[in-house]
Amino acid sequence: DTIIVAGIPYSITLPAPGFRKYSLPMTYTSYTSSHPYLNPIEKNSDFHIIMRAEVVTSTTGSPIPVTSFDLNTGTTSNPLTNIDSVIVWYTGTNGTFTTPVFFGGAGSVSGAFTVTGNQNLANNSNYFWVTYRLKTGANVGDSVDVDVNGITVNSSLQIHSVTSPAGSRRIRGAYCASAATITGDEDIFNVSISTLNNSSTCSSLAPWPGSTLQLYSNYTTLPATNI
């Protein structure tokens with residue numbers, strides 16, 4: 001149930017028969033955006049985190065919704081060539097990208113665009129994540145970026161003083177498969193670090209998984225040493 005006061009709806013809960021409790025909505029406090037990761041990302045692969053937005057509300061009050069993000073591809077190189085699609089996710093009060101909930105998405109974009117959805121906020125800090133999927137033909141060496149120009153909270157557009165924090169992510173190609181295929185090559189006969197001293201020859205087979213005579217020796221399960 002709701003009650004309208006001065007044109008504003010307030011939710012009503014019933015804690016016990018015969019009593020009514022009026023809960024005022026939470027208030028929006030602020031939002032900030034940042035680039036949590038700046039390492040290169042592979043083209044034609046799963047969605048990569050480009051931006052995290054933190055939306056802060058009051059410590060008490062009933063939920064209010066976020067219904068849209070006004071975004072921009074910022075300093076992205078050749079956005080229509082590189083960006084396949086966009087998804088905004090929500091992780092509640094968790095500031096890490098764990099068990100994300102879909103908020104909204106868009107296809108290939110360039111310049112300003114809007115992602116719409118409907119997500120009720122929790123009290124205190126809330127985290128949203130802007131992710132890109134890159135195209136198969138994305139240009140290796142180009143960079144991708146996103147700006148958060150504003151968000152709509154409880155039907156009111158909110159604009160932060162810093163909409164474009166420094167940073168972007170460079171596009172890389174897929175790493176090639178690594179494998180030992182030639183027996184005639186350089187060998188490492190001894191590794192000594194602190195108390196660790198391990199010797200081997202090309203004719204000795206290491207006893208741990210993946211080892212192949214004269215090609216690859218796995219000694220990763222040796223007892224750890226202090227450095």
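As the structure is a computational prediction, the values presented were derived from the model and not from experiment.
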Note to self: Is there a side chain to side chain donor-acceptor pair (under 3.5 Å) between Asn124 and Thr59? Walk through the geometry before answering.
What the structure shows: CA-CA 5 Å; Asn124 301 310; Thr59 57; 4.9 Å; no
Side chain to side chain donor-acceptor pair (under 3.5 Å) for Asn190 and Ser199? Distances and angles first, verdict last. CA-CA 4 Å; Asn190 179 271; Ser199 296; 2.7 Å; yes
Side chain to side chain donor-acceptor pair (under 3.5 Å) between Asp147 and Ser164: does it pass, once the steps are laid out?
CA-CA 5 Å; Asp147 299 338; Ser164 181; 2.9 Å; yes
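Trp89 and Leu121 end up in different hydrophobic clusters when Ile, Leu, Val, Met, Phe, Trp and Tyr side chains are linked at under 4.5 Å. Using a 4.5 Å cut-off between side-chain heavy atoms of Ile, Leu, Val, Met, Phe, Trp and Tyr, with links allowed through other members, Val115 and Phe47 fall into different hydrophobic clusters. Using a 4.5 Å cut-off between side-chain heavy atoms of Ile, Leu, Val, Met, Phe, Trp and Tyr, with links allowed through other members, Ile87 and Tyr37 fall into the same hydrophobic cluster.
Between Asn94 and Trp129 the shortest heavy-atom distance is O-CZ2, 4.4 Å. In this structure, Ile171 and Leu134 approach most closely via the heavy-atom pair CG1-CD1, 3.8 Å. Between Tyr127 and Thr93, the shortest heavy-atom contact is CE1-O, 3.6 Å. Nearest heavy-atom pair across Thr57 and Ala122 is OG1-O, 2.8 Å. Here the closest heavy-atom approach between residue Ile83 and residue Ser108 is recorded as O-OG, 2.9 Å. Taking every heavy atom of both residues into account, Val109 and Pro79 meet most closely at O-CB, 3.4 Å.
Ser58 places a side-chain N or O within donor-acceptor distance of the main-chain N or O of Thr60, the cut-off being under 3.5 Å.
Note that NE2 of His35 is 4.0 Å distant from CE of Met51, once rounded to the nearest 0.5 Å. Taking CG from Asn123 and CD1 from Ile64, the interatomic distance works out to 9.5 Å, rounded to the nearest 0.5 Å. Between the CG atom of Asp46 and the OG1 atom of Thr131 there is a distance of 10.0 Å, given to the nearest 0.5 Å. Going from atom OG of Ser125 over to atom CD of Glu54 covers 3.5 Å, rounded to the nearest 0.5 Å. Asn39 contributes atom CG, which lies 9.5 Å from atom NE2 of His48 (distance to the nearest 0.5 angstrom). The structure places CD1 of Ile151 at 8.5 Å from CG of Leu157, a figure rounded to the nearest 0.5 Å.
The closest side-chain heavy-atom distance from Asp70 to Val148 is not below 4.5 Å. Between Asn139 and Asn82, some side-chain heavy-atom pair lies under the 4.5 Å cut-off. Between Thr152 and Gln158, the closest side-chain pair of non-hydrogen atoms is not below 4.5 Å.
Ring-centre distance between Tyr31 and His160: below the 6.0 Å cut-off. Ring-centre distance between Phe128 and Phe103: below the 6.0 Å cut-off.
The pair Arg170-Asp142 does not count as a salt bridge, with every side-chain nitrogen at least 4.0 angstrom from each carboxylate oxygen.
Residues Asn44 and Thr136 have side chains that bring a donor and an acceptor to within less than 3.5 angstrom of each other. With 3.5 Å as the limit, one finds no donor-acceptor pair spanning the side chains of Asn154 and Tyr28. If you check the side chains of Gln214 and Thr212, you find no donor sitting under 3.5 Å from an acceptor.
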